[in-house]
Amino acid sequence: MNTSSLSSSTLSTPSSSSSSSASSWFSGIVRAGRPDRSATIKMTGVASNVDIVGPVVRKSQFRGVLFKYGPNPIQVAFKTGDFTRQVIFIGGLTDGFLATAYLEPLAIALDNENWSLVQFLMSSSYSGYGTSSLQQDAKDLDQLINYLINKEDSEGVVLLGHSTGCQDIVHYMRTNFACSRAVRAAIFQAPVSDREYRATLPETASMIDLAASMISDGRGTELMPRETDPCSPITAYRYHSLCSYNGDDDLFSSDLSDDQLKMRLGHMSSTHCQVIFSMADEYVPDYVDKKALVERLCRAMGGAEKVEIEYGNHSLSNRIEEAVQAIIDFLKREGPKGWDDPWN
């Protein structure tokens with residue numbers, strides 16, 4: 001998936017801010033002595049007599065704050081808006097900043113509803129997915145949420161996964177990391193099977209056999225041959241996880257039984273969930289009954305809200321308005337009044 005460059009000349013902190021009460025339900029894990037967030041950063045490269053408001057300056061240029069959320073070089077995030085509720089976008093394979101076309105109008109719509117949009121880089125971003133894992137993604141995500149709680153006075157986050165980012169949400173919510181209790185809702189946009197798509201490629205079967213052989217020989221962390229994946233160097237473990245039946249990434253396949261889906265997704269029933277499924281997703285094989293699949297996924301999650309977008313492609317670049325509207329409607333309907341204090 002193509003990504004655009006982030007314009008560093010447009011970074012600033014919006015003047016609006018929301019303060020959280022001293023009796024915040026995060027008091028159990030929030031450190032004392034947070035820094036003062038009232039100061040703003042003036043924009044550069046913009047005429048002084050131009051008053052730019054909102055999170056988007058012009059097409060593909062976002063206004064916000066770029067920050068480090070962890071010690072590793074890749075652990076960088078970008079936040080639009082200065083609110084105490086955040087939607088965290090989790091991209092799929094090869095994704096990074098500005099991964100989907102709907103993020104720009106979504107940032108504007110969220111700002112109007114007093115929500116911030118957070119995009120972040122993790123170990124698996126861009127070409128890093130081949131040497132990473134869902135386990136590592138969960139650790140990165142937990143560090144980000146911890147930062148938002150302790151540095152940004154977060155009152156709760158909503159996770160928005162795109163493609164393989166949906167697998168990250170499922171895995172993270174199973175970890176029971178302390179900060180996972182800050183997740184008030186989850187949105188799955190294009191939760192599709194990497195295994196079923198890659199099974200349509202001629203080289204996949206032989207490469208799965210090679211990966212399985214390497215893993216059995218204790219070489220799961222070693223790289224597969226260069227031709228295995230044209231987008232990234234990939235370890236035997238990650239290839240097997242993405243492409244093999246019952247691999248760690250095999251969460252949304254249509255050939256899994258209802259019981260198998262419930263085993264993988266059933267823990268999401270304690271979280272408000274929305275599934276946005278593209279009915280013309282190019283990464284879903286033609287033989288898959290999309291309507292039946294999305295119904296089964298929602299049922300396995302304990303009754304997640306279902307949104308079917310007719311003619312929508314994988315990234316919804318051809319149905320941007322519908323995507324944004326579905327997300328905003330879900331946020332307005334499900335929270336915050338619909339969210340119980342998770343600490344009680």
Side-chain angles (χ1 to χ4, degrees), residues 87 89-90 92-93 100 102 106 134 158-174 183-200 242-335 338-339:
V87 172
F89 176 81
I90 309 170
L93 303 185
T100 65
Y102 64 73
L106 178 61
L134 296 180
V158 170
L159 303 181
L160 168 57
H162 163 65
S163 192
T164 308
C166 297
Q167 284 139 238
D168 285 326
I169 294 177
V170 172
H171 184 79
Y172 178 68
M173 296 306 292
R174 187 186 288 121
V183 177
R184 317 315 303 273
I187 301 170
F188 297 82
Q189 189 267 303
V192 302
S193 170
D194 288 288
R195 170 170 69 84
E196 288 187 317
Y197 169 70
R198 289 180 178 244
T200 65
L242 287 167
C243 300
S244 68
Y245 178 79
N246 208 32
D248 288 346
D249 280 271
D250 190 17
L251 302 177
F252 307 119
S253 296
S254 65
D255 60 353
L256 296 174
S257 69
D258 288 344
D259 286 342
Q260 288 175 312
L261 287 176
K262 189 174 182 179
M263 286 180 59
R264 289 160 170 78
L265 308 176
H267 63 285
M268 297 303 304
S269 62
S270 59
T271 304
H272 294 285
C273 293
Q274 179 189 55
V275 176
I276 303 175
F277 207 90
S278 300
M279 303 310 287
D281 195 315
E282 64 271 28
Y283 290 101
V284 178
D286 291 340
Y287 65 81
V288 173
D289 184 337
K290 298 180 181 67
K291 283 186 174 292
L293 175 59
V294 67
E295 181 68 33
R296 296 177 65 222
L297 294 178
C298 290
R299 188 166 59 246
M301 294 181 190
E305 177 182 301
K306 176 181 65 175
V307 178
E308 298 176 354
I309 298 189
E310 293 297 329
Y311 309 110
N313 61 22
H314 186 64
S315 66
L316 291 176
S317 61
N318 63 339
R319 290 293 184 274
I320 293 174
E321 184 176 344
E322 292 176 52
V324 173
Q325 192 62 55
I327 294 168
I328 295 299
D329 286 349
F330 176 72
L331 292 177
K332 293 171 69 174
R333 185 168 55 256
E334 295 296 338
W339 297 339

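The figures that follow rest on heavy atoms only: side chains count, while hydrogens, waters and symmetry mates do not.
Nearest heavy-atom pair across Val307 and Ala326 is CG1-CB, 4.1 Å. Taking both residues in full, the closest heavy atoms of Cys273 and Phe188 are given as SG-CE1, 3.9 Å, listed atom of the first, atom of the second, then distance. Closest of all the heavy-atom pairs between His314 and Ser278 is O-OG, 4.1 Å. Here the closest heavy-atom approach between residue Gln167 and residue Val192 is recorded as OE1-O, 3.6 Å. Across Gly92 and Ser163, no two heavy atoms sit closer than the pair CA-CB, 4.2 Å.
Side-chain contact annotation: Ser317 with Asn313, donor-acceptor N/O pair under 3.5 Å present. At a cut-off of 3.5 Å, with distance as the only test, a side-chain donor of His162 or Gln189 sits close to an acceptor on the other residue.
Under a 4.0 Å N-O distance rule, the pair Asp281/Lys290 does not qualify as a salt bridge. For the pair Glu305 and Arg299, the salt-bridge criterion is not met [side-chain N within less than 4.0 Å of a carboxylate O].
Using modelled atom types, one side-chain atom of Glu196 and one backbone atom of Ser254 make a donor-acceptor pair closer than 3.5 Å. A donor-acceptor contact shorter than 3.5 Å is absent between the side chain of Ser253 and the backbone of Leu256.
With sequence neighbours left out, the salt bridge (Lys or Arg N to Asp or Glu O under 4.0 Å) criterion links Asp250 to Arg195. Listed by chain and number, the residues in a side chain to side chain contact (heavy atoms under 4.5 Å, CB included) with Tyr311 are Arg319 (sequence neighbours excluded). The side chain to side chain contact (heavy atoms under 4.5 Å, CB included) test applied to Met263 returns no partner, not counting sequence neighbours. Under the rule for a side chain to side chain contact (heavy atoms under 4.5 Å, CB included), the partners of Gln325 that lie at least two apart in sequence or sit in another chain are Asp329. Every residue was checked against the side chain to side chain contact (heavy atoms under 4.5 Å, CB included) condition with Asp286, not counting sequence neighbours, and none meets it. Scored by the salt bridge (Lys or Arg N to Asp or Glu O under 4.0 Å) test, Asp249 finds Arg238 as partners (sequence neighbours excluded).
Looking at heavy atoms from C-beta onward, Thr271 lies out of side-chain contact with Ile169 at the 4.5 angstrom threshold. Between Phe252 and Leu265, some side-chain heavy-atom pair lies under the 4.5 Å cut-off. In this structure the side chain of Val284 never reaches within 4.5 angstrom of the side chain of Tyr197, judged on heavy atoms. The shortest distance between side-chain heavy atoms of Thr100 and Leu316 does not fall below 4.5 Å. At a threshold of 4.5 Å between non-hydrogen side-chain atoms, the residues Val158 and Val183 do not count as touching. Between Asp255 and Val288, the closest side-chain pair of non-hydrogen atoms is not below 4.5 Å. Using a 4.5 Å heavy-atom threshold, the side chains of Leu134 and Val170 count as separate. Taking 4.5 Å as the limit, some side-chain heavy atom of Ile327 sits within range of a side-chain heavy atom of Leu160.
Between the CD1 atom of Ile320 and the OH atom of Tyr102 there is a distance of 10.5 Å, given to the nearest 0.5 Å.
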